[in-house]
Protein chains: 2
Amino acid sequence: MAIDHLDGRIIVLLAEEPRIGVLEMSRRLGVARGTVQARLDRLQSNGVIRGFGPQVDPAALGYPVTAFATLQIRQGQGADVRAYLTTVPEVLELLTTTGSGDMLCRLVARSNADLQRVIDRVVGFDGIVRASTAIVMENPVPLRIIPLVEQAAGAEPP
Amino acid sequence: MAIDHLDGRIIVLLAEEPRIGVLEMSRRLGVARGTVQARLDRLQSNGVIRGFGPQVDPAALGYPVTAFATLQIRQGQGADVRAYLTTVPEVLELLTTTGSGDMLCRLVARSNADLQRVIDRVVGFDGIVRASTAIVMENPVPLRIIPLVEQAAGAEPP
DNA sequence: CGTACCACTGGGCAAGTTGCCCAGCGATGA
DNA sequence: TCATCGCTGGGCAACTTGCCCAGTGGTACG
């Protein structure tokens with residue numbers, strides 16, 4: 001659960017050069033190969049590293065428009081709404097948040113015009129009372145984890 | 001830019017079993033190794049596949065609380081705010097959206113109490129006028145891309 | 001109608017990596 | 001004092017990678 005400095009360096013190295021192998025990592029970190037292997041196994045079984053899935057860019061796939069929709073759900077319809085939204089490919093993420101029984105929904109679309117279609121499809125579902133949408137214009141800080149890893153790795157040792 | 005069926009299957013396969021190699025993929029897909037290699041290279045240089053960085057779970061790192069903060073920025077301070085928030089490790093993502101000159105900010109914290117510290121640190125910056133925060137309770141649809149990939153891969157061929 | 005060009009196949013090669021094993025060592029804790 | 005744990009450093013066979021090649025079918029263009 002707690003991460004030490006070596007774990008941190010492994011994760012950072014892996015993030016910078018994902019194609020790197022265990023052997024090369026051990027060389028760069030100055031430790032034995034078995035050590036890196038053991039650490040990696042531990043990090044994965046701990047759930048710290050969930051996997052190494054490919055990071056796909058929706059924009060390159062033809063979906064350059066991202067938006068966030070805040071949904072207001074009819075009482076008791078939460079489960080139905082989740083199940084429905086799971087079936088919509090353009091829904092990339094769905095979160096329930098504090099506030100008036102709300103959900104936050106990350107959407108993509110082929111264009112601003114297409115976004116209308118996606119939103120209609122989302123809010124067309126019966127259990128959704130109201131939706132307000134914000135279109136993403138810029139992404140100054142793309143989803144990242146490294147700074148947090150470094151903090152988690154560096155803060156503990158002392 | 002456009003993805004065909006084989007590209008889609010490669011991405012899906014890669015997402016399901018990231019440790020798989022090119023040779024094993026070619027066997028499962030029933031194509032020559034060189035073909036898979038060429039497709040992968042193309043997908044990466046196209047930017048469709050950005051990389052294979054490790055997916056780290058903030059919760060396993062000791063940051064189980066996620067929240068979204070909507071920030072209202074003082075006129076003309078946008079760039080300063082971005083630069084500042086980039087330095088805060090708990091800020092995992094920052095987006096500018098339509099609406100009253102707003103930014104949306106994804107945060108994590110060690111606990112609800114710790115979230116207060118993080119928020120103070122975020123909104124303590126001068127260029128931020130107001131912030132409203134929503135704590136994430138559940139994550140019914142974790143960030144995903146496969147359904148979209150399948151749609152992009154399956155819709156074109158006909 | 002012929003000719004390039006392109007993507008794919010199927011094969012072959014050396015070099016490197018992986019997964020697995022082992023013995024030894026130093027620090028930690030009972 | 002002894003057992004445990006994590007790390008080291010080494011060795012091994014099996015596999016994969018990166019790279020090369022010639023041949024083939026389809027498509028676009030002259």
Side-chain angles (χ1 to χ4, degrees), chain A residues 1-57 60-62 149-158, chain B residues 1-57 60-62 149-158:
Chain A
M1 186 110 190
I3 260 189
D4 77 358
H5 195 64
L6 182 56
D7 291 321
R9 290 207 294 160
I10 289 177
I11 293 176
V12 171
L13 200 51
L14 224 33
E16 284 167 353
E17 302 184 47
R19 320 208 117 219
I20 205 174
V22 180
L23 184 59
E24 179 62 22
M25 286 180 86
S26 71
R27 279 196 281 254
R28 301 217 195 157
L29 297 173
V31 297
R33 179 166 65 111
T35 306
V36 176
Q37 238 153 6
R39 295 298 190 111
L40 260 184
D41 288 347
R42 195 171 57 77
L43 287 173
Q44 292 201 62
S45 60
N46 272 353
V48 174
I49 296 181
R50 274 208 216 107
F52 298 88
Q55 294 157 347
V56 178
D57 183 5
L61 254 150
V149 169
E150 282 169 346
Q151 171 166 297
E156 308 288 359
Chain B
M1 187 109 189
I3 261 189
D4 76 359
H5 195 65
L6 182 56
D7 292 321
R9 290 207 295 160
I10 289 176
I11 294 176
V12 171
L13 200 52
L14 224 35
E16 285 167 353
E17 301 184 47
R19 320 207 116 218
I20 206 174
V22 180
L23 184 59
E24 180 61 21
M25 286 180 84
S26 70
R27 279 195 281 254
R28 300 217 197 159
L29 297 174
V31 297
R33 179 164 66 111
T35 306
V36 176
Q37 239 153 5
R39 294 299 189 110
L40 260 183
D41 289 347
R42 193 170 59 76
L43 285 173
Q44 290 200 64
S45 59
N46 272 354
V48 173
I49 296 181
R50 275 209 215 107
F52 298 88
Q55 294 158 348
V56 178
D57 182 4
L61 257 157
V149 168
E150 282 169 346
Q151 171 166 299
E156 309 286 0

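Residue numbers start from 1 in every chain, and the chains themselves are labelled A, B, ... in the order their sequence lines are given, proteins ahead of strands. Keep in mind that this is a model prediction, so the values were computed, not measured.
- For the helix from C/dC1-D/dG30 to C/dA30-D/dT1, the end axes, each set by the C1' atoms of five terminal pairs, are bent relative to each other by 40° (nearest 10°).
- Not a single salt bridge (Lys or Arg N to Asp or Glu O under 4.0 Å) links B/R9 to another residue, sequence neighbours left out.
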Where protein sits on nucleotides 4-20 of chain C, one letter per nucleotide: B base, S sugar-phosphate only, - none, heavy atoms under 4.0 Å: ----SS--B----SBBB

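- Taking B/R39 as the reference, B/D4, B/D7 meet the side chain to side chain donor-acceptor pair (under 3.5 Å) condition, with sequence neighbours excluded.
- A straight line from NE2 of A/H5 to C1' of D/dC7 spans 17 Å, rounded to a whole angstrom.
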Donor-acceptor pairs are to be reported for all side-chain atoms of residues 44-55 of chain A against protein atoms at under 3.5 Å, with residues two or more places apart or in another chain.
from	atom 1	to	atom 2	distance (Å)
A/S45	OG	A/D41	O	3.1
A/S45	OG	A/R42	O	3.3
A/R50	NH2	B/D57	OD1	3.3

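- In this structure A/E24 satisfies the salt bridge (Lys or Arg N to Asp or Glu O under 4.0 Å) test together with A/R27, A/R28, sequence neighbours excluded.
- Atom OG1 in A/T35 sits 12.0 Å away from atom CE in A/M25 (nearest 0.5 Å).
- How far CG of B/L13 is from CD1 of B/I20: 4.0 Å, rounded to the nearest 0.5 Å.
- A distance of 9.0 Å separates CD of B/Q37 from CG of B/L23, quoted to the nearest 0.5 Å.
- With contacts defined as side-chain heavy-atom distances shorter than 4.5 Å, the pair A/I3/A/I11 qualifies.
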